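Everything below concerns the one structure shown next.
Everything quoted here is computed from the prediction, not taken from an experiment. FYI, the numbering just counts along the sequence from 1.
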Amino acid sequence: IVDENMKPIGIVTKWEIAGLLVDDNEAIENIMTRAPITIRSSDKLLHARKILMEKSISTLPVVDDNNRIMGIVTIDEIADALYAFHDIVPEKHRKERINYILVEDIMRLRPIIAKTYEKIGEVAKALIQRKMRGAVITDNGDTVVGIVTLTDLTRYFTGIT
């Protein structure tokens, strides 16, 4: 946000927009990204990073062989893991050892899970309270059917599809 002289005076983030949606009663299934890209816990961190970067997404659900949610990996977990790796591993060993970091080593357990019929406002509140970038949407059998991220909430709020 800039003033009349184009001097920056503030910023609006996706978190603030999510806060404006906490009373929204629309069903989450109406804005979720269907059939999201998922990853396995045995995949490598570098593979998860590549997917996030190439697809310009912030959140990957981690699923088991039956497509049931195990955890979540976001750009935050990737960044934190790479930062810690850089600090801990001597430079001469980094190229070799980076390949040993798996998604299960960095994934966030107990992600926000919502059913398709839950309200946008409920999911927005949960994202804010738990400081998470995305929530996994499941059907009644706990199979991953979608994902809702701060970006999805922002698009919904602004009417951008």
Side-chain angles (χ1 to χ4, degrees), residues 1-41 43 45-64 67-84 101 103-161:
I1 301 173
V2 296
D3 66 14
E4 62 277 354
N5 297 319
M6 299 303 287
K7 179 182 174 194
I9 58 172
I11 187 169
V12 176
T13 70
K14 292 176 183 178
W15 295 104
E16 278 92 24
I17 293 173
L20 297 172
L21 294 170
V22 296
D23 295 322
D24 194 295
N25 289 317
E26 183 84 18
I28 200 70
E29 71 180 330
N30 294 330
I31 68 163
M32 72 181 189
T33 299
R34 297 178 186 279
I37 299 168
T38 60
I39 197 162
R40 303 273 190 242
S41 62
D43 286 337
L45 170 140
L46 292 179
H47 178 63
R49 179 181 172 273
K50 180 179 179 184
I51 292 170
L52 291 171
M53 292 182 70
E54 286 181 354
K55 302 295 182 182
S56 296
I57 57 177
S58 64
T59 308
L60 282 171
V62 181
V63 297
D64 66 13
N67 203 34
R68 284 189 293 257
I69 191 70
M70 297 176 64
I72 201 165
V73 172
T74 70
I75 55 175
D76 298 325
E77 283 81 33
I78 300 283
D80 289 346
L82 292 174
Y83 184 78
I101 304 174
V103 167
E104 68 185 6
D105 299 327
I106 65 159
M107 72 181 186
R108 191 165 179 178
L109 302 174
R110 297 180 304 284
I112 297 168
I113 300 173
K115 299 295 184 190
T116 55
Y117 55 82
E118 290 187 44
K119 307 296 183 219
I120 289 172
E122 295 168 7
V123 175
K125 281 182 208 172
L127 291 174
I128 293 165
Q129 289 171 347
R130 296 199 37 208
K131 297 180 172 75
M132 295 186 78
R133 291 183 178 273
V136 178
I137 312 303
T138 61
D139 62 12
N140 288 330
D142 294 327
T143 299
V144 176
V145 294
I147 191 165
V148 170
T149 65
L150 292 172
T151 299
D152 294 317
L153 293 176
T154 301
R155 286 184 182 133
Y156 170 72
F157 182 79
T158 60
I160 299 172
T161 58

### Task
List in chain and number order the residues that pass side chain to side chain contact (heavy atoms under 4.5 Å, CB included) with Ile17, two or more places apart in sequence or in another chain; answer none if no residue qualifies.
Val12, Thr154, Phe157
Can you tell me how far [atom2] of [Y] sits from [atom1] of [X], rounded to the nearest 0.5 angstrom?
X: Leu60; Y: Ile75; atom1: CG; atom2: CD1; value: 11.0 Å
X: Asp43; Y: Glu104; atom1: CG; atom2: CD; value: 10.0 Å
X: Glu122; Y: Asn25; atom1: CD; atom2: CG; value: 8.0 Å
X: Glu77; Y: Asp105; atom1: CD; atom2: CG; value: 13.0 Å
X: Ile137; Y: Tyr117; atom1: CD1; atom2: OH; value: 11.0 Å
X: Ile78; Y: Ser58; atom1: CD1; atom2: OG; value: 11.5 Å

### Query
If you measure from the Lys or Arg side-chain nitrogens to the Asp or Glu carboxylate oxygens, is any gap between Asp64 and Arg68 under 4.0 Å?
yes
Is any side-chain heavy atom of [Y] closer than 4.5 Å to one of [X]?
X: Lys14; Y: Thr151; value: yes
X: Ile28; Y: Tyr156; value: no
X: Thr74; Y: Arg108; value: no
X: Glu16; Y: Thr13; value: yes
X: Ile57; Y: Ile147; value: no
X: Ile31; Y: Val148; value: yes
X: Ile39; Y: His47; value: yes

Heavy-atom pair of closest approach, residues [X] and [Y]:
X: Pro111; Y: Ile69; value: CG-CG1, 3.8 Å
X: Leu127; Y: Ala135; value: CD2-N, 3.8 Å
X: Ala81; Y: Ile106; value: CB-CG2, 3.4 Å
X: Arg40; Y: Val62; value: C-CG1, 3.9 Å
X: Glu26; Y: Asp24; value: N-OD1, 2.8 Å
X: Pro36; Y: Gly146; value: CD-CA, 3.6 Å

## Note on the structure
Across all chains, not counting sequence neighbours, the side-chain hydrogen bond (donor to acceptor under 3.5 Å, both in side chains) partners of Arg133 are Asp76
### Query
So, Asn67 side chain and Thr143 main chain: donor-acceptor pair closer than 3.5 Å or not?
no
### Query
Does Asp139 offer a backbone N or O that forms a donor-acceptor pair with the side chain of Lys115 under 3.5 Å?
yes
### Query
Just wondering, are more than 12 heavy atoms of other shown residues or ligands nearer than 6.0 Å to NZ in Lys55?
no
### Query
Name the one of Val145, Thr149, Val136, Val123 that satisfies side-chain contact (heavy atoms from CB on, under 4.5 Å) with Met32?
Val145
